[in-house]
Amino acid sequence: MAKNGTISSSVIKRLPRYYRFLGELMKNGTERISSRELSQLMKLTASQIRQDLNCFGGFGQQGYGYHVRQLHEEIGKILGVDKKYKTIVIGAGNLGRAIATHINFDTRGCELIGIFDRKEELKGLQVGKLTVTGTDELERFCRRHKPVVAVLCIPKSDTQEIADKLVSLGLRSFWNFSHYDLSIDHENIVVENVHLGDSLLTLTYGTKTVEEQ
Ligand code: NAI
């Protein structure tokens, strides 16, 4: 199977969507699917699907299509869903609490082990199975538990400073919601900046385009 480095980033970006659709097909009891059927479902062309999945050695068989469970498993392995990367949330405000309680980290290769906030009044608050810890405890916690992924749900102004500190404490991956486009000048640090507003703007553009037709 190809190593991640040899798969283009645009294919990697499509993988979670394949994984989700295949997971739903599995739940509905579908055992196999042709690239044409999958393309209709996912609104991609069949050749795009064949091209994408060929990057991993082509799991499809002529005349049979794709074995749904097997393909789901293989894509899951490529994505790393079988990992258990220790993860912490920084910022236990509205967004941090929503993410900590509504995102299923376990099925996505991450294990949520802590949530931190600097506000004194939030310390001790129960968020799902976790209790909010003060940021004064962050250093000790990281040295002891060695988390590698941080979900940043803090204001823009604090993001660079806290990210640099987390890097010095050994964290390597940042799921950054802070509206600050984080770039870290260290090797082997992974950043995924998320802006829900950008997604909404794409929708606005689509709505405008349809209206103007
Ligand atoms: P909020 O004000 O409810 O919570 C922010 C929390 O971060 C507060 O509890 C605050 O005490 C804590 N905090 C601030 N600096 C900190 C630090 N250095 N260390 C630890 N904790 C710290 O705000 P909300 O609604 O939870 O949003 C959080 C951030 O996410 C905001 O900057 C907001 O603009 C952004 N946001 C981003 C979205 C996106 O799509 N990327 C969507 C919604 C919000």
Side-chain angles (χ1 to χ4, degrees), residues 9-10 12-21 79-81 83 85-186 188-209:
S9 60
S10 52
I12 297 284
K13 276 203 188 316
R14 284 195 286 275
L15 285 188
R17 191 158 175 260
Y18 283 118
Y19 187 72
R20 181 160 48 84
F21 271 84
L79 289 170
V81 297
K83 306 286 181 197
Y85 294 118
K86 289 184 182 168
T87 302
I88 55 176
V89 173
I90 308 291
N94 294 313
L95 185 64
R97 291 200 302 266
I99 285 180
T101 46
H102 295 298
I103 298 286
N104 192 341
F105 285 86
D106 295 347
T107 57
R108 297 184 171 97
C110 296
E111 181 192 7
L112 192 57
I113 60 165
I115 178 162
F116 293 83
D117 202 287
R118 67 175 179 192
K119 255 188 212 155
E120 204 51 45
E121 63 264 34
L122 290 179
K123 277 190 195 175
L125 181 78
Q126 198 71 25
V127 177
K129 289 180 189 160
L130 300 171
T131 305
V132 177
T133 308
T135 33
D136 47 343
E137 287 286 315
L138 189 58
E139 199 164 325
R140 197 188 56 82
F141 182 96
C142 291
R143 297 207 190 286
R144 184 161 175 212
H145 298 285
K146 304 194 168 29
V148 288
V149 180
V151 186
L152 302 180
C153 302
I154 52 179
K156 211 176 181 171
S157 53
D158 290 54
T159 305
Q160 190 66 56
E161 192 185 333
I162 197 103
D164 287 340
K165 180 175 179 184
L166 291 168
V167 168
S168 76
L169 292 170
L171 281 91
R172 291 280 163 265
S173 298
F174 295 88
W175 197 23
N176 174 32
F177 285 85
S178 73
H179 286 324
Y180 171 82
D181 279 335
L182 193 60
S183 64
I184 299 179
D185 299 328
H186 302 272
N188 299 325
I189 300 291
V190 185
V191 178
E192 187 65 28
N193 294 309
V194 184
H195 298 281
L196 294 178
D198 289 2
S199 171
L200 179 59
L201 262 185
T202 309
L203 181 76
T204 304
Y205 172 77
T207 311
K208 175 175 153 270
T209 311

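Note that the structure is predicted; figures quoted are calculated from it, not measured. Just follow the structure's listing: the first ligand is 1, and inside any ligand the first atom is 1.
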(Q) Give me each pair satisfying side-chain hydrogen bond (donor to acceptor under 3.5 Å, both in side chains) with a member in residues 111-128, each pair once, sequence neighbours excluded. (A) R118-D158, E120-K123, K123-D136, Q126-T131
**Q.** Listed once per pair and sorted, the side-chain hydrogen bond (donor to acceptor under 3.5 Å, both in side chains) pairs that draw on residues 170-182, sequence neighbours left out
**A.** T159-S178, Q160-Y180, N176-S178, N176-N193, H179-H195, D181-H195
Q: Please say whether more than 12 non-hydrogen atoms of neighbouring residues, nucleotides or ligands are located less than 6.0 Å from CZ in F105.
A: yes
Q.
I'd like to check the salt bridge (Lys or Arg N to Asp or Glu O under 4.0 Å) partners of R20; sequence neighbours left out, ordered by chain and number.
A. none
Pairs of nitrogen or oxygen atoms, one from ligand 1 and one from the protein, closer than 3.5 Å: please tabulate them with distances.
{"unit_1": "ligand 1", "atom_1": "3 (O)", "unit_2": "N94", "atom_2": "N", "d": "3.0"}
{"unit_1": "ligand 1", "atom_1": "3 (O)", "unit_2": "N94", "atom_2": "ND2", "d": "3.3"}
{"unit_1": "ligand 1", "atom_1": "9 (O)", "unit_2": "D117", "atom_2": "OD1", "d": "3.4"}
{"unit_1": "ligand 1", "atom_1": "9 (O)", "unit_2": "D117", "atom_2": "OD2", "d": "2.6"}
{"unit_1": "ligand 1", "atom_1": "11 (O)", "unit_2": "D117", "atom_2": "OD1", "d": "2.6"}
{"unit_1": "ligand 1", "atom_1": "15 (N)", "unit_2": "R118", "atom_2": "NE", "d": "3.4"}
{"unit_1": "ligand 1", "atom_1": "18 (N)", "unit_2": "D158", "atom_2": "OD2", "d": "3.1"}
{"unit_1": "ligand 1", "atom_1": "21 (N)", "unit_2": "R118", "atom_2": "N", "d": "3.4"}
{"unit_1": "ligand 1", "atom_1": "26 (O)", "unit_2": "N94", "atom_2": "N", "d": "3.1"}
{"unit_1": "ligand 1", "atom_1": "26 (O)", "unit_2": "L95", "atom_2": "N", "d": "2.7"}
{"unit_1": "ligand 1", "atom_1": "32 (O)", "unit_2": "I154", "atom_2": "O", "d": "3.4"}
{"unit_1": "ligand 1", "atom_1": "40 (O)", "unit_2": "L196", "atom_2": "N", "d": "2.6"}
{"unit_1": "ligand 1", "atom_1": "41 (N)", "unit_2": "F177", "atom_2": "O", "d": "2.9"}
{"unit_1": "ligand 1", "atom_1": "41 (N)", "unit_2": "V194", "atom_2": "O", "d": "2.6"}

Q. Yes or no on salt bridge (Lys or Arg N to Asp or Glu O under 4.0 Å) for E139 and R143, after CA distance, side-chain angles and deciding distance?
A. CA-CA 6 Å; E139 199 164 325; R143 297 207 190 286; 3.2 Å; yes
**Q.** For V89 against A100, the heavy-atom pair lying closest together
**A.** CG2-CB, 4.5 Å
